[in-house]
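As a basis for the values below, the full set of heavy atoms in this structure was taken, side chains included, without hydrogen atoms, waters or symmetry mates.
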Amino acid sequence: MSVLRRAAAAVVAGGVTAVVRGVLDMSPPGGAARWTRTNHRGEPVSMLEGPAVAAGLLAGGIVGAPSARAAVALTVATGAGAAFGVIDDLTEDTEVRRKGLRGHLGALSRGELTTGGLKVLGIGAASLVAAAVATPVRDASGARRSAAGWAVDVAVSGALVAASANLLNLLDLRPGRALKAASLVAAPLAVAGGAGAGAAAGVLGTAGAAGEQDLAEHDMLGDGGANALGATLGTALVLAAPRPVRWAALGVVTALTLASEKVSFTQVIERTPVLREIDAWGRRPVAATTGPAAPDEVPDAEPASPTSGTAAGAGPDGRDGTGEGAASSTTGPR
């Protein structure tokens, strides 16, 4: 893919993100209060970044797609991540929280469909559709592939897209963290110039447009933005990477997802000097807190309330510590 095409995808994605964010600020669907959370500083944080980021990713993906097939796959995956994420952001029952993969799958097994469970089904199904569209039925020589081989590739690629959507939301626990992580993955994909390079360049453009307000704690991705970001990255990998790389990527993403059920990513980052410096770069200083904290488990932002100055259960940075994504529930409010 040409450098010009990748640059266009980045510029369009960033521009659309900024324009849509401004439009949403002037006329928030359902009113500004519906999209506002209160962080640990007692300050309002807007989730309108999520829809704006999703719009930028969709536009960048279309501009940077090497084919109509790739454009459809990116649109399906990114659109579903955004749609089901926003539904969870706005309609989750905060009185009964389900934590992580285990909590929502457990609810589904009992016949209880939570908004997180809906996300499991919706993003999972859309990821399979996107993978089916992205996976060619003929090999490089033009011969038709076996149905079994094609189906296995679709299953692995679909799982990678869905798991990537979930993992980005697991990382969205501190201001700027998910955008930084997405950029670190997208940069080599964009430079490599493969079939997923345009989508990866779009991720970089979108992150650049949204980063300042996210780091300043004025905006947050929420599930809608984080799931869309992860789904776009997962689809870019599906489009660009050969089978062994996709299998390896799925293994890494799955391992990190399972580890998140037992290990706090935030605590690991804070104990690792390089990761700690990258994670803190550009972020506002955090006031010292007292008492025990479980940063990836305690919700530290709630719907804004005129009678409360700070959110109940607030953590040290004002981001939602539920650690949940495509296979879970709640937003990542901070």
Side-chain angles (χ1 to χ4, degrees), residues 5-32 34-37 45-65 68 70-91 119 122-123 126-127 130 161 164-165 168-169 172 176 178-179 182-183 186 190 196-215 218-236 239 325-326 331-333:
R5 186 77 170 271
R6 283 173 272 170
V11 170
V12 168
V16 169
T17 299
V19 169
V20 171
R21 181 64 187 88
V23 170
L24 290 173
D25 209 26
M26 291 186 292
S27 182
R34 191 179 189 193
W35 299 87
T36 300
R37 299 296 181 267
V45 183
S46 174
M47 291 194 299
L48 289 171
E49 177 188 346
V53 162
L57 292 171
L58 287 168
I62 292 172
V63 171
V72 171
L74 285 163
T75 300
V76 170
T78 304
F84 288 103
V86 167
I87 289 172
D88 197 20
D89 284 334
L90 300 182
T91 64
K119 241 186 350 181
I123 293 180
S127 297
V161 174
S164 298
L168 255 293
N169 203 27
D172 189 33
L179 292 175
S183 297
V203 168
L204 294 175
T206 298
E212 182 178 357
Q213 294 302 304
D214 194 288
L215 286 167
H218 297 155
D219 279 359
M220 52 174 284
L221 284 167
D223 283 11
N227 288 152
L229 200 60
T232 299
L233 280 176
T235 309
L239 291 169
T331 68

Heavy-atom pair of closest approach, residues [X] and [Y]:
X: L74; Y: A199; value: CD2-CB, 3.7 Å
X: A178; Y: L229; value: O-CD2, 4.0 Å
X: L90; Y: M47; value: CD2-CE, 4.0 Å
X: A226; Y: L168; value: O-CB, 3.5 Å
X: A210; Y: E49; value: CB-OE2, 3.6 Å
X: W35; Y: P51; value: CZ3-CG, 3.7 Å

How many angstroms lie between atom [atom1] of [X] and atom [atom2] of [Y], to the nearest 0.5 angstrom?
X: T91; Y: R34; atom1: OG1; atom2: CZ; value: 8.0 Å
X: T232; Y: N227; atom1: OG1; atom2: CG; value: 10.5 Å
X: L179; Y: L221; atom1: CG; atom2: CG; value: 4.5 Å
X: L57; Y: T206; atom1: CG; atom2: OG1; value: 4.0 Å

Exercise. Please answer whether the main-chain N or O of A201 pairs with a side-chain N or O of R6 as donor and acceptor at a distance below 3.5 Å.
Key: no
Quiz item: Is there a side chain to side chain contact (heavy atoms under 4.5 Å, CB included) between T78 and T235 once you walk through the steps?
Solution: CA-CA 9 Å; T78 304; T235 309; 5.6 Å; no
Exercise. Kindly write out the residues that satisfy side-chain contact (heavy atoms from CB on, under 4.5 Å) with A70, not counting sequence neighbours, or none if the list is empty.
Key: A65, P66, S67, L239
Self-check item: I62: partners by side-chain contact (heavy atoms from CB on, under 4.5 Å), with sequence neighbours left out
Solution: T75
For residues 16-27, which side-chain donor-acceptor pairs fall under 3.5 Å, sequence neighbours excluded?
from	atom 1	to	atom 2	distance (Å)
T17	OG1	A13	O	2.8
R21	NE	D219	OD2	2.8
R21	NH2	D219	OD1	2.9

